[in-house]
Amino acid sequence: MPISISFIRRSSSLIAPRAPDFPLKRFLFFSKYSSIPAQDFLTHLQKHQSHVEKNLDAVKSNLDSQCISQVLEHCAIEKPKLGVRFFVWAAFHPSHRHTSYMYSKACKLLNLEKNPRIIADVVDEYRAEGFAVSVKMFKVLLNLCREARCAEMGLWVLRKMKELRCMPDTVSYNVVIRLLVANGRLDESMGLLKEMPLCDLTPDMVTYGSVIKGLCDAGDLEGALGLVKVMKGHGCVPNSVIYSTILDGICMHGSLKLGLEFLDGMEKVEEKEKDEGRPNVVTYTTIIKGFIDKGMASEARSILDRMYDSELKPNRVTFVTLIDGLIKEGKVEEALKVVDTFGGDGVRTDELYNMLVLSLFRAGKHKESEEMFRTMLARGLKPSGLTASSIIRGIVLEGRVLDGYFLFQEIEKLGSFVSIDPDVYSSLLACLCQENHLAEAGSLVNIMVERRVHLEPSQYEHLANFRSFLN
DNA sequence: CTAGGGTTAG
């Protein structure tokens, strides 16, 4: 009996029959009968097409990020405007705050990058309904413009705010300025910077930092330093974010020698600037990256000692940068030495091994990365989900399905939870079926059910080909 | 809204 798998998610039926015993059928069963917590919100959204917010206020259901994603997913195709309005409304729900992750998720689900006009349409809707839009709500829209990387729409919303007599604040300007900088529209970002005082707004550290970053990225170091003078003149004392940005520019467009001199200068910041402008972990990581980019990984390594001299400990980002650079230059021994020397002091040894394995993997040295991975398992170090997934995926792609399966089993035996990418489960399962390792496939499915592994329809569609396995 | 960047989950 053929099984249709492509449409089983999100059935509206809430009366679930008894779960079947057979593992794969159980798995598909749970995919089919999981309920939709977002249903209440969707019902109220669809009731009236306008004044959506009032209806939503009446909903008593709990609002969480999963629920928001589901609502947006349902709005995406037919009613993206409704989705945007829901998202703006949800930003002020007393029991919830949007994280930056939620902004990017919303942007993806509503396809705002391709259709930024939806944002403008929503503003027009608000206006047509006489809805009083607050600055806070506009800022949610501006942040959506940022996620959609649409400078044009950001500028449009900023102008519209004034038109609706909803005066933008410094943060509103900052969002649009960063957006312009990210799009390489430096002149316009500086135009907005100059416009701010005319609106009684004071550019702050973030404002200057954004434009300075733009100038640095464009290689205009003098311009950037000029702006540092300007901000000082306005009583805005540069902090290490500003100086690290400049240092990054110097490393990219000047020279490492100049970069090191600039770092020297930062280490001797005058007392009145307090600690704010002193080099921190990011500053040192920036110069390490500078050396790495010039193919001088060993010199980068030596910066670690200078950090410790300044009583700063390298963090995860510092190590990722350094280890990745060393591996790219084939200096595996040196990288391993860094891991063994610094592991456990600030960053755990297992995390450093994960970086090592992933760097090797990314550098295309799959054999070495697999060996390193097995070494770390043997030493009782816990692999991250990303590391384990990458290694197993690599093995499966090489056609060594059983090797991949046994490695997976070994990771299972560790006793601590490793979050394997659903995609890896999917391809392991498919390949095991394909090669007729049905016992292994069966036990894998058992683990998937136990783990509540959620697959997207596209990830198990191909399993429909293995009907013999299902019966 | 905040510099360097592949943890996690959201």
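Throughout, a chain's letter reflects where its sequence line sits, starting with A, and its residues are numbered from 1.
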Under 4.0 Å, heavy atoms only, any strand: does [X] hit a base, just the sugar-phosphate, or nothing?
X	answer
A:Asn315	base
A:Ser419	sugar-phosphate
A:Ser384	nothing
A:Asn280	base
A:Val175	sugar-phosphate
A:Val320	sugar-phosphate

Whole Å only: how far is the [atom1] atom of [X] from the [atom2] atom of [N]?
X	N	atom1	atom2	answer
A:Asp293	B:dG5	CG	P	9 Å
A:Leu304	B:dG4	CG	P	19 Å
A:Ile323	B:dT7	CD1	C1'	14 Å
A:Met205	B:dT2	CE	C1'	10 Å
A:Ile246	B:dT2	CD1	C1'	15 Å
A:Met196	B:dC1	CE	P	15 Å
A:Asp217	B:dA3	CG	C1'	11 Å
A:Ile420	B:dT7	CD1	C1'	14 Å

Residue-phosphate contact under 4.0 Å: A:Arg178 side-chain N/O, B:dA3 OP1/OP2: yes

Under 4.0 angstrom between A:Lys213 side-chain N/O and B:dG4 OP1 or OP2: yes

Closest approach to the side chain of [X], judged atom by atom: which nucleotide of [options] is it?
X	options	result
A:Arg316	B:dG4, B:dC1, B:dT7	B:dT7
A:Thr245	B:dC1, B:dA3, B:dG4	B:dA3
A:Val281	B:dA3, B:dC1, B:dG4	B:dG4

Less than 4.5 Å apart, side chain to side chain, heavy atoms only: is that true for [X] and [Y]?
X	Y	value
A:Leu192	A:Thr207	no
A:Lys331	A:Ser298	yes
A:Met231	A:Ile212	yes

Note: A:Arg127-A:Glu163 ion pair, threshold 4.0 Å (strictly below): yes

Comparing A:Ser100 and A:Thr283 on DNA chain B - which has the more 5′ nearest nucleotide: A:Thr283

5′-ward residue of the pair A:Thr99/A:Asn239 relative to DNA chain B: A:Asn239

Whole-Å P distance, B:dT7 and B:dA3: 16 Å

Flag if over 12 foreign heavy atoms under 6.0 Å of NZ, A:Lys108: no

Test applied, side chain to side chain contact (heavy atoms under 4.5 Å, CB included); reference residue, A:Leu360; option that passes from A:Glu368, A:Glu370, A:Glu371: A:Glu368

